[in-house]
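Every number for a ligand or one of its atoms is a count from 1 in the order of the listing.
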Amino acid sequence: MIQETIRLYGLFGDPVGHSLSPFFQNEAFKTLGINAVYFPFTVKAEDLAGAVAAIRHLNMGGVNLTIPHKEAVIPLLDKVEGDAALSGSVNTIVNRGGELTGYSTDGEGFLLSLEREAGFDPRGKVCIILGAGGAARAVAFRLAQEEPAALYLVNRGEERATALQEDLRSRLGFQAEHLTSPTELEKAAVAADLVINATPVGMYPESHRMPAFPLEYCRPGCLVCDLVYRPLETIWLKKAGKLGLSVLGGLGMLIYQGMLSCQLWTGRMPEEAPLRAAVMRILDR
Ligand code: NAP
(Lines give C-alpha, C1' and ligand atoms only; values in the text may rest on other atoms or scores of the structure.)
Protein backbone atom coordinates (compact mmCIF):
# COMPACT_ATOMS: atom_id res chain seq x y z
CA MET A 1 0.00 0.00 0.00
CA ILE A 2 1.53 3.31 -1.07
CA GLN A 3 0.58 5.42 1.93
CA GLU A 4 2.39 7.64 4.42
CA THR A 5 3.40 4.74 6.66
CA ILE A 6 5.24 2.86 3.89
CA ARG A 7 8.95 2.44 4.65
CA LEU A 8 11.49 3.15 1.92
CA TYR A 9 14.68 1.09 1.50
CA GLY A 10 17.13 0.97 -1.37
CA LEU A 11 20.42 0.08 -2.96
CA PHE A 12 23.10 2.73 -3.55
CA GLY A 13 25.71 1.86 -6.17
CA ASP A 14 27.02 2.53 -9.64
CA PRO A 15 26.00 0.51 -11.58
CA VAL A 16 22.91 -1.03 -9.92
CA GLY A 17 21.07 -2.29 -13.00
CA HIS A 18 22.47 -5.84 -12.68
CA SER A 19 21.52 -6.23 -9.03
CA LEU A 20 19.11 -8.89 -7.78
CA SER A 21 18.62 -7.03 -4.48
CA PRO A 22 15.44 -5.10 -5.48
CA PHE A 23 13.66 -8.33 -6.50
CA PHE A 24 14.97 -10.09 -3.42
CA GLN A 25 14.18 -7.44 -0.79
CA ASN A 26 10.73 -6.57 -2.18
CA GLU A 27 9.90 -10.28 -2.08
CA ALA A 28 11.25 -10.47 1.49
CA PHE A 29 9.00 -7.57 2.63
CA LYS A 30 6.06 -9.28 0.94
CA THR A 31 6.69 -12.61 2.68
CA LEU A 32 7.02 -10.80 6.03
CA GLY A 33 3.80 -8.80 5.37
CA ILE A 34 5.69 -5.53 5.90
CA ASN A 35 4.55 -2.36 4.11
CA ALA A 36 7.89 -1.36 2.63
CA VAL A 37 9.45 -0.87 -0.78
CA TYR A 38 13.06 -1.19 -2.01
CA PHE A 39 14.42 0.79 -4.97
CA PRO A 40 17.73 0.67 -6.86
CA PHE A 41 19.40 4.12 -6.88
CA THR A 42 22.31 4.89 -9.20
CA VAL A 43 24.57 6.95 -6.93
CA LYS A 44 27.82 8.26 -8.39
CA ALA A 45 30.87 8.37 -6.10
CA GLU A 46 30.72 12.17 -5.87
CA ASP A 47 27.04 12.04 -4.84
CA LEU A 48 27.41 9.54 -2.01
CA ALA A 49 27.41 12.11 0.84
CA GLY A 50 24.18 13.66 -0.49
CA ALA A 51 22.56 10.26 -0.91
CA VAL A 52 23.48 9.26 2.68
CA ALA A 53 22.06 12.57 3.96
CA ALA A 54 18.85 11.74 2.07
CA ILE A 55 18.46 8.54 4.15
CA ARG A 56 17.91 10.84 7.15
CA HIS A 57 15.95 13.56 5.33
CA LEU A 58 13.54 11.09 3.71
CA ASN A 59 13.39 8.95 6.85
CA MET A 60 14.35 5.84 4.87
CA GLY A 61 14.60 2.60 6.87
CA GLY A 62 18.01 1.86 5.45
CA VAL A 63 19.96 0.91 2.36
CA ASN A 64 22.35 -1.65 0.93
CA LEU A 65 25.62 -0.49 -0.61
CA THR A 66 27.47 -1.95 -3.54
CA ILE A 67 30.43 -0.97 -5.74
CA PRO A 68 31.96 1.66 -5.34
CA HIS A 69 30.57 2.76 -1.95
CA LYS A 70 31.23 -0.02 0.58
CA GLU A 71 34.37 1.55 2.02
CA ALA A 72 33.84 5.23 1.12
CA VAL A 73 30.61 5.37 3.14
CA ILE A 74 32.26 4.76 6.51
CA PRO A 75 33.13 8.40 7.42
CA LEU A 76 29.54 9.41 6.61
CA LEU A 77 27.98 7.12 9.24
CA ASP A 78 27.33 7.64 12.96
CA LYS A 79 28.42 4.11 13.91
CA VAL A 80 29.96 1.06 12.27
CA GLU A 81 29.55 -2.31 13.98
CA GLY A 82 30.78 -5.92 13.97
CA ASP A 83 32.33 -7.32 10.81
CA ALA A 84 31.91 -3.96 9.03
CA ALA A 85 34.13 -2.22 11.60
CA LEU A 86 36.71 -4.99 11.38
CA SER A 87 36.83 -5.38 7.61
CA GLY A 88 36.30 -1.69 6.78
CA SER A 89 33.43 -2.49 4.42
CA VAL A 90 29.72 -1.71 4.87
CA ASN A 91 26.95 -3.35 2.82
CA THR A 92 23.96 -2.41 5.00
CA ILE A 93 22.94 0.85 6.68
CA VAL A 94 20.19 0.94 9.30
CA ASN A 95 18.49 4.25 10.11
CA ARG A 96 17.33 4.34 13.75
CA GLY A 97 15.68 7.72 14.33
CA GLY A 98 18.25 9.56 12.24
CA GLU A 99 21.26 7.64 13.58
CA LEU A 100 22.91 5.70 10.76
CA THR A 101 24.73 2.46 11.63
CA GLY A 102 26.80 0.47 9.14
CA TYR A 103 26.97 -3.34 9.09
CA SER A 104 28.36 -6.02 6.81
CA THR A 105 26.33 -9.18 6.21
CA ASP A 106 28.60 -10.62 3.49
CA GLY A 107 30.87 -12.71 5.73
CA GLU A 108 28.01 -13.97 7.90
CA GLY A 109 26.04 -14.77 4.73
CA PHE A 110 28.94 -16.87 3.49
CA LEU A 111 29.22 -18.66 6.83
CA LEU A 112 25.49 -19.46 6.84
CA SER A 113 25.81 -20.84 3.32
CA LEU A 114 28.73 -23.04 4.44
CA GLU A 115 26.80 -24.33 7.45
CA ARG A 116 23.33 -24.77 5.95
CA GLU A 117 24.17 -25.85 2.40
CA ALA A 118 27.41 -27.78 2.89
CA GLY A 119 27.32 -28.71 6.61
CA PHE A 120 30.85 -27.29 6.85
CA ASP A 121 32.34 -25.87 10.07
CA PRO A 122 35.60 -23.95 9.40
CA ARG A 123 36.84 -24.38 12.99
CA GLY A 124 40.19 -26.21 12.91
CA LYS A 125 40.16 -26.42 9.11
CA VAL A 126 42.70 -25.36 6.49
CA CYS A 127 41.11 -22.63 4.33
CA ILE A 128 42.35 -20.99 1.11
CA ILE A 129 40.90 -17.78 -0.35
CA LEU A 130 41.61 -16.80 -3.96
CA GLY A 131 41.32 -13.02 -4.32
CA ALA A 132 41.81 -10.10 -1.96
CA GLY A 133 39.03 -7.70 -3.01
CA GLY A 134 35.84 -6.80 -1.16
CA ALA A 135 34.29 -10.29 -1.12
CA ALA A 136 37.57 -11.99 -0.14
CA ARG A 137 38.00 -9.46 2.67
CA ALA A 138 34.51 -10.10 4.09
CA VAL A 139 35.02 -13.87 3.94
CA ALA A 140 38.56 -13.69 5.37
CA PHE A 141 37.53 -11.57 8.38
CA ARG A 142 34.61 -13.90 9.15
CA LEU A 143 36.64 -17.12 8.72
CA ALA A 144 39.52 -15.75 10.80
CA GLN A 145 37.07 -15.37 13.73
CA GLU A 146 36.03 -19.03 13.41
CA GLU A 147 39.48 -20.28 14.50
CA PRO A 148 40.58 -22.14 11.36
CA ALA A 149 43.80 -24.19 11.54
CA ALA A 150 45.25 -21.99 8.78
CA LEU A 151 44.08 -19.31 6.37
CA TYR A 152 45.99 -18.91 3.11
CA LEU A 153 45.54 -15.90 0.82
CA VAL A 154 46.25 -16.12 -2.91
CA ASN A 155 45.94 -13.09 -5.16
CA ARG A 156 47.00 -11.93 -8.60
CA GLY A 157 48.44 -8.66 -7.28
CA GLU A 158 50.69 -8.37 -4.25
CA GLU A 159 49.28 -5.13 -2.86
CA ARG A 160 45.73 -6.05 -1.82
CA ALA A 161 46.76 -9.45 -0.43
CA THR A 162 49.44 -7.84 1.74
CA ALA A 163 46.99 -5.17 2.91
CA LEU A 164 44.41 -7.84 3.85
CA GLN A 165 47.05 -9.90 5.64
CA GLU A 166 48.18 -6.82 7.60
CA ASP A 167 44.59 -5.80 8.50
CA LEU A 168 43.81 -9.32 9.77
CA ARG A 169 46.93 -9.17 11.91
CA SER A 170 46.44 -5.67 13.32
CA ARG A 171 42.65 -5.82 13.85
CA LEU A 172 42.16 -9.45 14.90
CA GLY A 173 45.67 -10.56 15.86
CA PHE A 174 45.22 -13.27 13.21
CA GLN A 175 48.14 -14.43 11.09
CA ALA A 176 47.10 -15.39 7.56
CA GLU A 177 49.70 -16.64 5.12
CA HIS A 178 50.10 -15.10 1.69
CA LEU A 179 51.04 -17.73 -0.93
CA THR A 180 52.88 -16.69 -4.05
CA SER A 181 54.85 -19.57 -5.60
CA PRO A 182 53.33 -22.58 -7.44
CA THR A 183 55.07 -24.92 -4.97
CA GLU A 184 53.46 -23.15 -1.99
CA LEU A 185 50.09 -23.36 -3.76
CA GLU A 186 50.42 -27.11 -4.41
CA LYS A 187 51.42 -27.78 -0.78
CA ALA A 188 48.47 -25.73 0.51
CA ALA A 189 46.10 -27.50 -1.92
CA VAL A 190 47.13 -30.90 -0.53
CA ALA A 191 46.34 -29.73 3.02
CA ALA A 192 43.16 -27.78 2.18
CA ASP A 193 39.70 -28.50 3.60
CA LEU A 194 38.13 -25.43 1.97
CA VAL A 195 39.08 -23.50 -1.20
CA ILE A 196 37.11 -20.37 -2.09
CA ASN A 197 37.15 -18.45 -5.36
CA ALA A 198 36.52 -14.82 -4.36
CA THR A 199 37.63 -13.40 -7.72
CA PRO A 200 35.27 -12.67 -10.64
CA VAL A 201 37.14 -15.21 -12.82
CA GLY A 202 34.54 -17.51 -14.43
CA MET A 203 31.68 -15.03 -14.09
CA TYR A 204 29.29 -14.44 -17.02
CA PRO A 205 30.01 -13.42 -19.79
CA GLU A 206 33.52 -14.87 -19.34
CA SER A 207 32.15 -18.16 -18.04
CA HIS A 208 34.79 -20.18 -19.92
CA ARG A 209 37.57 -18.92 -17.59
CA MET A 210 38.85 -20.68 -14.47
CA PRO A 211 40.89 -19.48 -11.47
CA ALA A 212 44.52 -20.58 -11.65
CA PHE A 213 44.55 -23.05 -8.76
CA PRO A 214 45.83 -26.67 -8.75
CA LEU A 215 42.55 -28.38 -7.77
CA GLU A 216 44.01 -31.76 -8.79
CA TYR A 217 46.20 -31.63 -5.64
CA CYS A 218 43.18 -31.38 -3.29
CA ARG A 219 42.10 -34.34 -1.20
CA PRO A 220 38.67 -35.99 -1.69
CA GLY A 221 36.27 -34.32 0.73
CA CYS A 222 37.82 -30.89 0.25
CA LEU A 223 35.02 -28.32 -0.25
CA VAL A 224 35.46 -26.02 -3.25
CA CYS A 225 33.36 -22.82 -3.18
CA ASP A 226 32.84 -20.25 -5.89
CA LEU A 227 31.34 -16.92 -4.82
CA VAL A 228 30.36 -16.36 -8.46
CA TYR A 229 26.63 -17.14 -8.91
CA ARG A 230 26.29 -16.31 -12.62
CA PRO A 231 26.50 -19.08 -13.84
CA LEU A 232 25.11 -20.98 -10.86
CA GLU A 233 27.72 -23.69 -11.44
CA THR A 234 30.98 -22.32 -12.85
CA ILE A 235 33.28 -24.47 -14.98
CA TRP A 236 35.68 -24.37 -12.02
CA LEU A 237 33.05 -26.07 -9.82
CA LYS A 238 32.29 -28.53 -12.62
CA LYS A 239 35.97 -29.44 -12.73
CA ALA A 240 36.08 -29.82 -8.92
CA GLY A 241 33.03 -32.09 -9.08
CA LYS A 242 34.67 -34.28 -11.72
CA LEU A 243 37.72 -34.58 -9.46
CA GLY A 244 35.45 -35.94 -6.71
CA LEU A 245 35.60 -32.80 -4.55
CA SER A 246 32.56 -31.29 -2.79
CA VAL A 247 31.24 -28.06 -4.35
CA LEU A 248 29.27 -24.98 -3.28
CA GLY A 249 28.20 -22.08 -5.53
CA GLY A 250 27.71 -18.40 -4.63
CA LEU A 251 23.90 -18.30 -4.66
CA GLY A 252 23.55 -19.25 -0.99
CA MET A 253 25.83 -16.43 0.16
CA LEU A 254 23.80 -14.00 -1.95
CA ILE A 255 20.54 -15.18 -0.40
CA TYR A 256 21.76 -15.29 3.21
CA GLN A 257 23.47 -11.88 3.16
CA GLY A 258 20.21 -10.42 1.82
CA MET A 259 18.13 -12.18 4.48
CA LEU A 260 20.49 -10.84 7.16
CA SER A 261 20.15 -7.26 5.81
CA CYS A 262 16.37 -7.62 5.92
CA GLN A 263 16.60 -8.87 9.49
CA LEU A 264 18.71 -5.85 10.50
CA TRP A 265 16.04 -3.51 9.11
CA THR A 266 12.89 -5.29 10.24
CA GLY A 267 13.99 -7.34 13.25
CA ARG A 268 12.67 -10.45 11.47
CA MET A 269 14.44 -13.05 9.35
CA PRO A 270 12.44 -13.71 6.16
CA GLU A 271 11.74 -17.28 5.09
CA GLU A 272 14.35 -18.70 2.75
CA ALA A 273 12.36 -20.83 0.28
CA PRO A 274 10.23 -18.09 -1.39
CA LEU A 275 13.29 -15.86 -1.69
CA ARG A 276 15.36 -18.59 -3.28
CA ALA A 277 12.51 -19.23 -5.72
CA ALA A 278 12.27 -15.50 -6.55
CA VAL A 279 16.01 -15.26 -7.24
CA MET A 280 15.90 -18.41 -9.38
CA ARG A 281 13.05 -16.93 -11.46
CA ILE A 282 15.23 -13.90 -12.23
CA LEU A 283 18.39 -15.94 -12.90
CA ASP A 284 16.45 -18.28 -15.22
CA ARG A 285 15.39 -15.35 -17.48
P1 NAP B 1 36.76 -6.85 -6.25
O2 NAP B 1 36.69 -6.09 -4.98
O3 NAP B 1 36.87 -6.12 -7.53
O4 NAP B 1 38.01 -7.88 -6.11
C5 NAP B 1 38.34 -8.75 -7.15
C6 NAP B 1 39.51 -9.64 -6.73
O7 NAP B 1 39.71 -10.59 -7.77
C8 NAP B 1 40.84 -8.90 -6.58
O9 NAP B 1 41.58 -9.54 -5.57
C10 NAP B 1 41.50 -9.08 -7.93
O11 NAP B 1 42.92 -9.11 -7.87
C12 NAP B 1 41.02 -10.45 -8.33
N13 NAP B 1 40.90 -10.56 -9.78
C14 NAP B 1 40.14 -9.80 -10.60
N15 NAP B 1 40.28 -10.21 -11.88
C16 NAP B 1 41.17 -11.23 -11.87
C17 NAP B 1 41.74 -12.06 -12.86
N18 NAP B 1 41.42 -11.90 -14.15
N19 NAP B 1 42.61 -13.02 -12.50
C20 NAP B 1 42.95 -13.18 -11.19
N21 NAP B 1 42.45 -12.41 -10.19
C22 NAP B 1 41.57 -11.46 -10.53
O23 NAP B 1 35.49 -7.80 -6.43
P24 NAP B 1 34.59 -8.44 -5.25
O25 NAP B 1 33.52 -7.49 -4.89
O26 NAP B 1 35.50 -8.96 -4.22
O27 NAP B 1 33.87 -9.64 -6.04
C28 NAP B 1 34.57 -10.80 -6.43
C29 NAP B 1 33.58 -11.85 -6.93
O30 NAP B 1 32.75 -12.28 -5.87
C31 NAP B 1 32.63 -11.34 -8.02
O32 NAP B 1 32.44 -12.34 -8.98
C33 NAP B 1 31.33 -11.11 -7.30
O34 NAP B 1 30.20 -11.28 -8.13
C35 NAP B 1 31.40 -12.22 -6.24
N36 NAP B 1 30.60 -11.91 -5.06
C37 NAP B 1 29.61 -12.78 -4.74
C38 NAP B 1 28.84 -12.54 -3.62
C39 NAP B 1 27.75 -13.50 -3.27
O40 NAP B 1 26.86 -13.14 -2.49
N41 NAP B 1 27.78 -14.72 -3.79
C42 NAP B 1 29.08 -11.41 -2.82
C43 NAP B 1 30.11 -10.54 -3.19
C44 NAP B 1 30.86 -10.82 -4.32
P45 NAP B 1 43.84 -7.78 -7.82
O46 NAP B 1 43.89 -7.37 -6.37
O47 NAP B 1 45.13 -8.26 -8.34
O48 NAP B 1 43.17 -6.76 -8.70
Completion exercise
d(Asn35 CG, Ile6 CD1) to nearest 0.5 Å is 4.5 Å
Problem - Nearest-0.5 Å distance, CG of residue Asn197 to CE of residue Met203 - result: 10.5 Å
Protein contact to [atom] [nearest heavy atom, distance to 0.1 Å]:
atom	answer
atom 42 (C) of ligand 1	Met253 CE, 3.7 Å
atom 8 (C) of ligand 1	Arg160 NH2, 3.5 Å
atom 47 (O) of ligand 1	Gly157 N, 3.0 Å
atom 5 (C) of ligand 1	Pro200 CD, 3.9 Å
atom 6 (C) of ligand 1	Gly133 N, 4.0 Å
atom 23 (O) of ligand 1	Gly134 N, 4.6 Å
atom 25 (O) of ligand 1	Ala135 N, 3.9 Å

Handout entry: Cationic N near anionic O, under 4.0 Å, Glu184 to Lys187
Key =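 Answer for the salt bridge query: no.
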Going by the closest heavy atom to [atom], which one wins out of [options]?
atom	options	result
atom 10 (C) of ligand 1	Leu254, Thr66, Asn155	Asn155
atom 48 (O) of ligand 1	Glu158, Arg209, Arg156, Met203	Arg156
atom 29 (C) of ligand 1	Thr199, Leu227, Ile67	Thr199

Any chance [atom1] of [X] has more than 12 other-residue heavy atoms, nucleotides or ligands included, within less than 6.0 Å?
X	atom1	result
Tyr217	OH	no
Phe39	CZ	no
Glu186	CD	yes

Exercise for the section: Enumerate the atoms of ligand 1 whose separation from the nearest heavy atom of Gly250 is less than 4.0 angstrom. Expected result: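 Once the distances to Gly250 are compared, the set is 39 (C), 41 (N).
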Practice task
Would you mind running through ligand 1 and noting each atom that sits below 4.0 Å from a heavy atom of Val201?
Solution key: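 Every atom of ligand 1 under 4.0 Å from some heavy atom of Val201: 16 (C), 17 (C), 18 (N), 19 (N), 20 (C).
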Handout entry: Asp106 near ligand 1 by a heavy-atom separation under 4.0 Å
Key = no
Exercise for the section: Determine, using heavy atoms of Glu159 and all atoms of ligand 1, whether some pair is separated by less than 4.0 Å. Expected result: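 False for this residue.
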Practice task
For the residue pair Ser261 and Asn64, confirm or rule out a side-chain donor-acceptor distance under 3.5 Å.
Solution key: yes
Exercise for the section: State, without any angle test, whether Ser113 and Glu117 hold a side-chain donor-acceptor pair at a distance under 3.5 Å. Expected result: yes
